[in-house]
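For reference, the structure discussed in these notes is given below.
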Amino acid sequence: MNVACTGRSRALGARIAEHLGAGLVETNLSRFPDGEIYLRTGPLDDTTVVVGSLLSGDSLVELLLLIDACHRSEVLLVIPYLGYARQDREFRPGEPVSARAMARALSSGVSRVVTVNVHKETVLSNFTVPASQVSLAPEAGDFIRGLGLGNPLILAPDRGAVPFATAVASRGGWEVDHLEKTRISGKEVRVEPRKGGPWTGDVVLVDDIISTGGTLAAAAGMLRAQGARGVHAVCVHGLFTGTALDLLGSSGIGQIAASDTIEGPNSRYSAAGPIAQALSR
Ligand code: R5P
């Protein structure tokens, strides 16, 4: 078995290979003059773990090309961040179910799929091959313990994040609560004050995704106004689009941490161990 990864998932791919005791496939990437992506892999074993997050159109094309380049090998596909998963149904007539479109395209040529904290589990049924997810709640919990905050409140910014927050909190025996969020637009959200009343200790906001940072910035502003000592943010998938990091910093959030499903300067803990375990099952 060996591991081949896309350009945006190189560090995580190398960590997964290390956990599996597998070799890394050398992959060269370049572009044709018209912008099309060209790639070429080195020699492959009988089974190849292909690792690539779905972040943009280019990352989808790169992943499809890499899967095809590995067609002489059995391909186990790891999609650390499954983009387009938030459009998981037709909210208004005429819309695509984007999650389904991506899942169908990425099922071709692979024998199974492993992903990480997918936005909604129902998305997995759109793959036409066996698909499963791993949760990084234990790793997020261990990361929070390492911050040495003592007894933080683990707070989900909305109801959708409660199962993840509960699993994170159970790692340290911490209290858990959630806020009520209303999304006004793609960038703007309103967060109701915490029903449990002010919390004057440390708060760790946890969510599956940080994109614009709007959700957590609104929550942090409210918590600081209510007297929280420190507010920190831990997510699985750190997209940090546009000025998200500036927004989070200026809203008074101290630590801003994400896993390495999307590699960046705020990747502070790794998905490699749970992914390798899932592949070994
Ligand atoms: C939404 O349901 C997700 O769980 C996140 O809360 C959301 O994607 C965060 O987006 P943003 O950082 O743009 O507020």
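Worth knowing before you read on, the calculation uses all heavy atoms, side chains too, and leaves out hydrogens, waters and symmetry mates. Counting convention: from 1, in listed order, for ligands and their atoms alike.
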Which residues, ordered by chain and number, are linked to Ile184 in its hydrophobic cluster, where ILVMFWY side chains connect at heavy-atom gaps below 4.5 Å, directly or through other members?
none
Show the nearest heavy-atom pair for residues Cys70 and Thr48, with the distance to one decimal.
SG-CG2, 4.0 Å
On a heavy-atom basis, the closest approach of Val129 and Ser107 is CG1-O, 3.8 Å
Per-pair distances, ligand 1 N/O vs protein N/O, less than 3.5 Å:
{"residue": "ligand 1", "atom": "4 (O)", "partner": "Asp207", "partner atom": "OD1", "Å": "3.2"}
{"residue": "ligand 1", "atom": "4 (O)", "partner": "Asp208", "partner atom": "OD1", "Å": "2.6"}
{"residue": "ligand 1", "atom": "6 (O)", "partner": "Lys181", "partner atom": "NZ", "Å": "3.2"}
{"residue": "ligand 1", "atom": "6 (O)", "partner": "Asp207", "partner atom": "OD2", "Å": "2.6"}
{"residue": "ligand 1", "atom": "8 (O)", "partner": "Arg86", "partner atom": "NH1", "Å": "2.9"}
{"residue": "ligand 1", "atom": "12 (O)", "partner": "Ser211", "partner atom": "N", "Å": "2.8"}
{"residue": "ligand 1", "atom": "12 (O)", "partner": "Thr212", "partner atom": "N", "Å": "3.2"}
{"residue": "ligand 1", "atom": "12 (O)", "partner": "Gly213", "partner atom": "N", "Å": "2.9"}
{"residue": "ligand 1", "atom": "13 (O)", "partner": "Thr212", "partner atom": "N", "Å": "2.8"}
{"residue": "ligand 1", "atom": "13 (O)", "partner": "Thr212", "partner atom": "OG1", "Å": "2.6"}
{"residue": "ligand 1", "atom": "14 (O)", "partner": "Arg183", "partner atom": "NH2", "Å": "3.4"}
{"residue": "ligand 1", "atom": "14 (O)", "partner": "Thr215", "partner atom": "N", "Å": "2.9"}
{"residue": "ligand 1", "atom": "14 (O)", "partner": "Thr215", "partner atom": "OG1", "Å": "2.5"}

Could you pull out all residues at least two apart from Asp68 that satisfy side-chain hydrogen bond (donor to acceptor under 3.5 Å, both in side chains)?
none
Apply side-chain hydrogen bond (donor to acceptor under 3.5 Å, both in side chains) to Arg40 and list each qualifying residue two or more places apart in sequence or on a separate chain.
none
Sub-3.5 Å donor-acceptor pair from the side chain of Asp260 to the main-chain atoms of Ala271, do we have one?
yes
